[in-house]
Amino acid sequence: MTSIKRTTLFQALRRMYTDSTVLAITLAGTALFALTLITLRGQLEQHLQLVARTIAYSAEAAVLFEDRRTASEILLQIAEREQLREASVSTLNGRMLASYRYPGNGMLGHFDEAVGRLLFPEPIAAEIRSGSKHIGNVVVHGNGARFIIYTLQAVGIGLGSIALFFYAASRLAGRMSQRISAQLEALASATHGARLQQDFSRRVPPLDIVEFDQLGKDFNALFAELHARNVELIARQSSLEVANQTLSQLALRDGLTGLANRRGFTERLEKALGDVRGSGGKVGVLYLDNDRFKQVNDQYGHAVGDALLVDVADRIRNCIRDTDLVARLGGDEFTVLLDSVRDVDDAVLVADKILAAMAPPLQIGEVRIAPAVSIGIALFPEHAETAEQLLVAADQAMYTAKQNGRGHYRIFDPAPRPCLNHGETSE
Ligand SMILES: Nc1nc2c(ncn2[C@@H]2O[C@H](COP(=O)(O)OP(=O)(O)OP(=O)(O)O)[C@@H](O)[C@H]2O)c(=O)[nH]1
């Protein structure tokens with residue numbers, strides 16, 4: 001598997017600038033160095049010609065009188081001063097009057113000579129004249145010493161300039177890289193933050209590199225769009241949640257009385273049984289059914305029947321604690337959940353209270369009705385093990401109450417005896 005060697009943008013830019021700077025310096029430096037060498041060699045050649053002519057003028061008299069000693073002195077003086085490799089003064093017919101040879105001791109001397117031979121392979125000659133008459137010749141051979149010194153000086157200056165240039169270029173490159181990285185960083189941090197935290201209210205600040213600035217503006221426009229969509233989405237979501245809550249509440253409520261419906265009641269009952277199961281606690285259920293409710297409907301109409309149901313619901317509600325629950329199971333049937341009773345007496349107390357609450361008649365316009373209910377009482381865990389069984393038991397007890405004269409309560413009796421007294425327990 002190939003692994004990618006990753007680097008930061010700053011490092012990559014720096015590397016790129018450094019590479020291009022080194023390449024530019026190497027190319028330019030090499031070209032300049034070559035040019036310097038060529039120019040230097042040309043100038044040294046001109047200088048050699050001048051030296052040859054100087055020897056020719058100075059040695060004119062010595063050649064004219066064939067004075068070897070003077071000729072040698074002149075040649076030695078100039079040749080040493082000018083650091084020549086070889087030089088000679090001869091008469092026109094070729095008789096050598098003076099000659100010089102660079103001592104060239106040691107490694108350096110040999111090196112000077114070698115460079116001289118390389119640079120000036122051909123000797124430079126000058127005629128010795130007396131007036132217009134050609135009387136002799138001067139021949140000089142250039143040495144490498146001066147060339148080496150000048151070259152070393154040029155190299156020193158060149159290297160110094162290159163170091164300065166490199167330093168300045170790398171500082172500039174660093175600044176440029178930082179500037180570019182900082183701008184990309186601003187773009188990256190805004191987009192990264194938006195992605196990670198889903199915070200589309202972030203904005204990229206204005207950037208001074210046109211292309212990055214444009215990119216930042218595009219990102220900002222995108223963020224603004226996403227932000228608006230997010231806000232809309234959140235609003236829709238919360239209204240959906242509210243609608244959902246309302247729907248689920250409606251699903252658990254009775255539309256006429258606003259009480260819990262059968263489903264709401266069963267859920268609460270199951271939860272209550274779950275809470276007390278195993279802890280020794282008791283839960284009581286009252287099952288209420290309006291007495292002769294059909295007559296009310298038949299006699300006064302359905303609307304009056306409804307009003308009576310709402311009124312009965314209110315009366316029951318007023319008889320229980322906030323922690324208890326009253327529900328309308330359907331038709332004229334109600335239930336009450338007493339979720340922390342000590343024994344059946346507590347439930348009987350509530351049943352009595354409800355029966356008493358039914359006593360005042362209900363006046364609806366001209367109609368006067370006397371509400372009445374029969375109540376069945378069942379207790380968990382005495383009478384049932386499950387919510388369903390508990391409801392059936394309470395319903396059964398209510399049915400017994402109906403059979404025995406209505407308008408009173410009965411406690412569930414698994415084996416009911418025929419004529420129990422009104423309001424008495426079967427235990
Ligand atoms: N007004 C009204 N009546 C309803 C509603 N739901 C059911 N009913 C009626 O309620 C009556 C219930 O009567 P039952 O409980 O069977 O009999 P009852 O007349 O109460 O007699 P007992 O229960 O034996 O005392 C029926 O006539 C149903 O049509 C409702 O929402 N509104």
Side-chain angles (χ1 to χ4, degrees), residues 246-247 249-269 284-320 325-337 347-348 350-378 383 388 390-413 416-424 426:
T246 314
L247 270 177
Q249 271 172 8
L250 281 176
L252 301 174
R253 297 248 147 235
D254 168 51
L256 178 67
T257 59
L259 298 177
N261 61 14
R262 180 182 288 274
R263 202 174 136 206
F265 183 80
T266 313
E267 276 182 18
R268 263 287 295 276
L269 181 58
V285 166
L286 308 187
Y287 204 111
L288 300 91
D289 189 285
N290 279 257
D291 292 336
R292 300 202 166 82
F293 182 72
K294 189 172 179 303
Q295 277 180 16
V296 177
N297 266 344
D298 293 347
Q299 203 172 337
Y300 305 112
H302 210 264
V304 172
D306 280 359
L308 177 58
L309 288 175
V310 172
D311 185 63
V312 167
D314 283 343
R315 292 182 195 219
I316 301 171
R317 200 172 3 220
N318 288 334
C319 295
I320 59 165
L325 177 74
V326 55
R328 181 182 171 222
L329 295 196
D332 60 349
E333 294 178 341
F334 295 88
T335 43
V336 174
L337 166 66
V348 167
V350 179
D352 274 336
K353 215 170 155 188
I354 292 171
L355 290 171
M358 297 298 156
L362 169 66
Q363 189 76 38
I364 306 169
E366 301 295 309
V367 181
R368 196 179 173 85
I369 306 165
V373 292
S374 297
I375 305 174
I377 300 173
H383 302 140
E388 199 184 335
L390 193 60
L391 262 180
V392 170
D395 182 22
Q396 228 169 290
M398 183 276 294
Y399 184 71
T400 312
K402 285 262 185 201
Q403 281 183 326
N404 288 282
R406 296 184 173 81
H408 65 277
Y409 69 81
R410 278 289 164 138
I411 296 165
F412 173 70
D413 181 2
R417 289 175 295 274
C419 283
L420 280 174
N421 290 333
H422 171 92
E424 279 182 3
S426 58

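Just so you know, ligand 1 is whichever comes first in the structure, and atom 1 is the first atom listed for that ligand.
- Side chain of D332 to main chain of F293: no donor-acceptor pair is present (N/O by atom type, distance under 3.5 Å, no hydrogens or angles).
- The distance criterion of under 3.5 Å between nitrogen or oxygen atoms is met by R292 with respect to ligand 1.
- Within 6.0 Å of OH on Y399 lie no more than 12 heavy atoms contributed by other residues, nucleotides or ligands.
- Atoms of ligand 1 found under 4.0 Å from any heavy atom of D291, numbered from 1 in the order shown, are 25 (O).
- At a heavy-atom distance under 4.0 Å, only side-chain atoms of K402, from C-beta outward, approach ligand 1.
- Protein heavy atom in closest approach to atom 6 (N) of ligand 1: G331 CA, 3.2 Å.
- Only the backbone of N290 comes within 4.0 Å of ligand 1, judged by heavy-atom distances.
- When all heavy atoms of K353 and C319 are compared, the closest pair comes out as NZ-O, 3.5 Å.
- For atom 32 (N) of ligand 1, the closest non-hydrogen atom on the protein side is D306 OD1, 2.6 Å.
- For Q403, the heavy-atom gap to ligand 1 stays at 4.0 angstrom or more.
- Proximity of atom 16 (O) of ligand 1 to the protein is not indicated, since no non-hydrogen protein atom lies closer than 4.0 angstrom.
- Ranked by closest heavy atom to atom 3 (N) of ligand 1, the top entry among N297, L256, D332, D254 is N297.
- Tested against Y287 for a side chain to side chain contact (heavy atoms under 4.5 Å, CB included), the candidates V392, I377, L391 yield a single pass: L391.
- For ligand 1, the atoms lying closer than 4.0 Å to a non-hydrogen atom of R328 are 5 (C), 6 (N), 30 (C), 31 (O).
- Counting non-hydrogen atoms of other residues, nucleotides and ligands closer than 6.0 Å to CD of E267 gives a total above 12.
- Under 4.0 Å is where a charged nitrogen must lie from a carboxylate oxygen, and between D291 and K402 at least one such pair does.
- Under a 4.0 Å criterion applied to the non-hydrogen atoms of L309, ligand 1 contributes the atoms 30 (C), 31 (O), 32 (N).
- Among the atoms of F293, some N or O lies under 3.5 angstrom from an N or O of ligand 1.
- Near K294, with a cut-off below 4.0 Å to any heavy atom, the atoms of ligand 1 are 13 (O), 18 (P), 19 (O), 20 (O), 27 (O).
- Using a 4.0 Å cut-off to heavy atoms of G305, the atoms of ligand 1 that qualify are 1 (N).
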